[in-house]
Engineer: 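Just passing along the structure, written as structure tokens.
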Amino acid sequence: MSLLLEPEPVKHDSFCEETILSLELKHELETKMKENNLIDLFYNIEMPLLSILADMEFAGVSIDVPTLKEYAIVLNEEVDGIEKEIKEMAGVDFNVASPKQLGEVLFDTMELDSKAKKTKSGQYSTSEAVLSKLKGKHEIIQKILDFRSLKKLISTYVEALPTYINEKSGRIHTSFKQAEAATGRLSSINPNIQNIPIRTPQGRYVRKAFIPSDENHTFLSADYSQVELRLMAHMSEDKAMIDAFNHAADFHQATAAKIYKLPIEEVSKDMRSRAKTANFGIIYGISAWGLAERLGISRKEGKELITGYFESYPGVKLFMDKSVEVARKDEFVETVMNRRRYLKDINSSNAIVRSVAERNAINAPVQGSAADVIKLAMIGISNRMKAEGLKSKMLIQVHDELNFDCLKSELDQMKLILREEMENAVKISVPLTVDMGVGENWLQAH
DNA sequence: ACCGTCACG
DNA sequence: ACGTACGTGACGGTT
């Protein structure tokens, strides 16, 4: 694969001389070449990235505190009301926030499910998945789900974020961990800036509080479209998947058309939705049972869906099998930039432990390659911004997304740089595409 | 310090 | 026959 790397790749002695080599020598040279792959990863990606992450942390992101203070009042009133309703419905006074007490109220006192699931520590499970299945049984269930999500928003975000504001800068400075996630992703702590809510309207509103540094700046966001699936298409070399990314307007819809053997126009919303779930499942190392559980369908239907998927994209099945095979032989798998994930459990005699490692063998090259891609893009963007003397600042990375405090006068130039550097970070067999948004805050920009 | 839960990609 | 999808971090409750 040809890669557009900046700075210039480190030069090594050539091990590619066309000589007749003994087996031992050949093995030795192959080992050295693999070591050089890791040296390239270190010097050309991780080291240049280090100072970029330091700059992002130092810059920090501005927070609109009044927005959060007002929102805290609204949410606290709402959660207090819901808590009263829950206790009235249950007919007992208890701590709704205690999973232990809640389980006893729901399953011993109210007897909502005679065969309620228990956790490994012996208490009733009251997880979102369990409660969602009980929604029809009693109106208290929905109230508990609402209570939980509101408490989460208040305690982890709305009331917590202002406490992280640095006195000197007036901004929030996360810490990015560069060598934590097994796949090569970054992680973020104190606060975690990579799990700010977005999926529900109430949660999403928190993003309104992430704002530019002043009136001369705007919030600029750029994210990759389906980068992991595109990397799966590239690494598996599956013809149909590559073709879909090159020509279809909507990849999930195109997948549904193949699985259900229908023309694109006849794909229903439900079929598209199932195909989308199947696409995600593939990245995670799908199982018929897991997929069925996710979709609320029978195991038989789950299996049929997967069969249809592999008939549509046979190269993907081959890639998955090959990844597991390679892992069994080497005890590690690799990304496009030769980042490794070691899988010591891949040959375990415990089937459960082994299965986890097999799914890791499938997922890690995909998730890890996506991490490689955005890291390369960050380096490319940083270099371009320096070369062109720009003052805007890269602030936040969220796995497939980059966010900037963008000087308004630099907006057009920044958008051009982001598109060029992100879409051309690596050359693969399908296009990488980027969506961008601009606004007065993270909510508007996304 | 651990568990259960839930926020994100 | 097993028990279910991959990767993280923060919070409150419990031990």
Side-chain angles (χ1 to χ4, degrees), chain A residues 94-103 117-132 144-145 147-161 163-164 174-177 180-200 202-204 206-207 223-224 226-229 232 277-295 299 302 306 320 333 341 348-368 370-371 374 396-402 442 446:
Chain A
F94 69 107
N95 185 351
V96 184
S98 160
K100 187 168 179 284
Q101 294 181 39
L102 179 66
K117 273 190 195 170
K118 297 212 173 173
T119 66
K120 60 181 171 183
S121 62
Q123 52 176 326
Y124 292 115
S125 170
T126 64
S127 68
E128 203 272 340
V130 168
L131 294 183
S132 281
I144 291 162
L145 290 170
F147 174 90
R148 283 254 183 90
S149 68
L150 285 170
K151 274 282 186 193
K152 184 76 164 189
L153 285 184
I154 295 166
S155 65
T156 307
Y157 304 103
V158 180
E159 289 186 347
L161 285 173
T163 70
Y164 283 98
T174 189
S175 295
F176 288 106
K177 290 205 209 177
E180 180 73 13
T183 54
R185 275 187 173 184
L186 300 179
S187 78
S188 157
I189 58 165
N190 304 324
N192 182 349
I193 206 81
Q194 296 181 316
N195 74 343
I196 304 301
I198 195 168
R199 291 172 189 171
T200 69
Q202 272 183 325
R204 206 181 173 101
V206 171
R207 295 187 172 224
D223 65 285
Y224 281 111
Q226 298 155 340
V227 61
E228 291 188 351
L229 280 170
M232 175 62 94
T277 305
N279 277 327
F280 272 107
I282 287 298
I283 289 171
Y284 297 149
I286 205 159
S287 76
W289 291 267
L291 183 68
E293 181 73 18
R294 274 295 160 114
L295 286 171
R299 286 176 298 276
I306 292 174
M320 292 170 67
V333 289
R341 178 169 185 176
S348 168
S349 55
N350 180 327
I352 298 169
V353 170
R354 193 173 62 242
S355 298
V356 171
E358 287 172 358
R359 291 196 295 274
N360 291 159
I362 294 161
N363 173 261
V366 180
Q367 190 181 122
I374 196 164
I396 297 170
Q397 189 251 43
V398 196
H399 311 306
D400 64 355
E401 167 193 352
L402 294 171
W442 199 358
H446 206 279

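Both backbone and side-chain heavy atoms feed into the values below; hydrogens, waters and symmetry mates do not. We name chains A, B, ... by the order of the sequence lines, and we start the count at 1 in each one.
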Engineer: At under 4.0 Å between heavy atoms, what does I189(A) touch on the DNA or RNA strands: base, sugar-phosphate, or nothing?
Structural biologist: sugar-phosphate

Engineer: Grab the CG-C1' distance between N95(A) and dC3(B) for me, whole Å please.
Structural biologist: 15 Å

Engineer: In whole angstroms, how far is the P atom of dA7(B) from the NZ atom of K152(A)?
Structural biologist: 6 Å

Engineer: dA7(B), OP1 or OP2 - any side-chain N/O from S155(A) closer than 4.0 Å?
Structural biologist: no

Engineer: Using the P atoms only, state how far dG4(B) lies from dG3(C), rounded to an integer number of Å.
Structural biologist: 16 Å

Engineer: Between H446(A) and V398(A), is there a side-chain heavy-atom distance shorter than 4.5 Å?
Structural biologist: no

Engineer: In whole angstrom, give me the gap between the P atoms of dT5(B) and dA5(C).
Structural biologist: 15 Å

Engineer: Can you tell me the distance, in whole Å, between the NZ atom of K117(A) and the P atom of dC3(B)?
Structural biologist: 19 Å

Engineer: Determine the minimum heavy-atom distance between S188(A) and T174(A), stating which atoms define it.
Structural biologist: OG-OG1, 2.8 Å

Engineer: Could you tell me if the side chain of W442(A) sits less than 4.5 Å from the side chain of V206(A), heavy atoms only?
Structural biologist: no

Engineer: Do you know which two heavy atoms are closest between H399(A) and L186(A), and how far apart they sit?
Structural biologist: CE1-O, 3.5 Å

Engineer: Using a 4.0 Å heavy-atom cut-off, does R299(A) contact any base of the nucleic acid, only the sugar-phosphate backbone, or nothing at all?
Structural biologist: nothing

Engineer: Name the nucleic acid region contacted by T174(A), choosing base, sugar-phosphate or nothing; use a 4.0 angstrom heavy-atom cut-off, strictly under.
Structural biologist: nothing

Engineer: Rounded at 0.5 Å granularity, tell me how far CZ in R185(A) sits from NZ in K177(A).
Structural biologist: 15.5 Å

Engineer: How is E401(A) classified with respect to the nucleic acid when contacts are heavy atoms under 4.0 Å: base, sugar-phosphate, or nothing?
Structural biologist: nothing

Engineer: Is there a side-chain polar atom (N or O) of R199(A) under 4.0 Å from OP1 or OP2 of dA7(B)?
Structural biologist: no

Engineer: For a quick check of understanding: with a heavy-atom distance under 4.0 Å over all strands, which category does A364(A) fall into, base, sugar-phosphate or nothing?
Structural biologist: nothing

Engineer: In whole Å, I'd like the distance from the CZ atom of F147(A) to the C1' atom of dC6(B).
Structural biologist: 14 Å

Engineer: Is the shortest side-chain heavy-atom distance between S155(A) and E159(A) below 4.5 Å?
Structural biologist: no

Engineer: Between dC6(B), dG9(B), dC8(B), spot the one nearest the side chain of Q367(A), thanks.
Structural biologist: dG9(B)

Engineer: When the distance from CZ of R207(A) to C1' of dA7(B) is rounded to whole Å, what number comes out?
Structural biologist: 10 Å

Engineer: Please report the distance, rounded to the nearest Å, between CD in Q202(A) and C1' in dC6(B).
Structural biologist: 15 Å

Engineer: Between Y124(A) and K118(A), which heavy-atom pair has the shortest distance, and what is it?
Structural biologist: CE2-CE, 3.6 Å

Engineer: Using distance alone, with no hydrogens and no angle criterion, decide if E128(A) and S132(A) have a side-chain donor and acceptor under 3.5 Å apart.
Structural biologist: yes

Engineer: Starting at atom CD1 of I144(A), determine the distance to atom C1' of dT5(B), rounded to an integer number of angstrom.
Structural biologist: 14 Å

Engineer: Classify the nucleic acid contact of G281(A) as base, sugar-phosphate or nothing, counting any heavy atom under 4.0 Å across all strands shown.
Structural biologist: base

Engineer: In whole angstroms, how far is the C1' atom of dC8(B) from the OH atom of Y284(A)?
Structural biologist: 11 Å

Engineer: My validator wants the stems of DNA chain C: runs of 3 or more consecutive Watson-Crick or G-U pairs, both distances under 3.5 Å, written as range with range.
Structural biologist: B:1-9 with C:6-14

Engineer: Of all the heavy-atom pairs spanning I196(A) and N192(A), show the shortest one and how long it is.
Structural biologist: CD1-O, 3.9 Å

Engineer: Any base atoms under 4.0 Å from N190(A), or only sugar-phosphate, or nothing? Heavy atoms, all strands.
Structural biologist: sugar-phosphate

Engineer: So if I take every side-chain heavy atom of S127(A) and compare against dC8(B), dG9(B), dT5(B), which nucleotide ends up nearest?
Structural biologist: dT5(B)

Engineer: For DNA chain C, note the earliest and the latest nucleotide, 5' to 3', having some atom under 4.0 Å of a heavy atom belonging to chain A.
Structural biologist: dC2(C) to dT15(C)

Engineer: Would you mind classifying the nucleic acid contact of A351(A) as base, sugar-phosphate or nothing, using non-hydrogen atoms under 4.0 angstrom?
Structural biologist: base

Engineer: Heavy atoms under 4.0 Å, any strand shown: does L291(A) hit a base, just sugar-phosphate, or nothing?
Structural biologist: base

Engineer: Remember a base hit wins even if backbone is also touched, and classify N192(A) as base, sugar-phosphate or nothing at under 4.0 Å, heavy atoms.
Structural biologist: sugar-phosphate

Engineer: Side-chain contact, heavy-atom cut-off 4.5 Å: R148(A) with L131(A)?
Structural biologist: yes

Engineer: Please step through side chain to side chain contact (heavy atoms under 4.5 Å, CB included) for the pair Q397(A) and Q194(A), ending with a clear verdict.
Structural biologist: CA-CA 7 Å; Q397(A) 189 251 43; Q194(A) 296 181 316; 3.1 Å; yes

Engineer: Heavy atoms under 4.0 Å, any strand shown: does E228(A) hit a base, just sugar-phosphate, or nothing?
Structural biologist: nothing

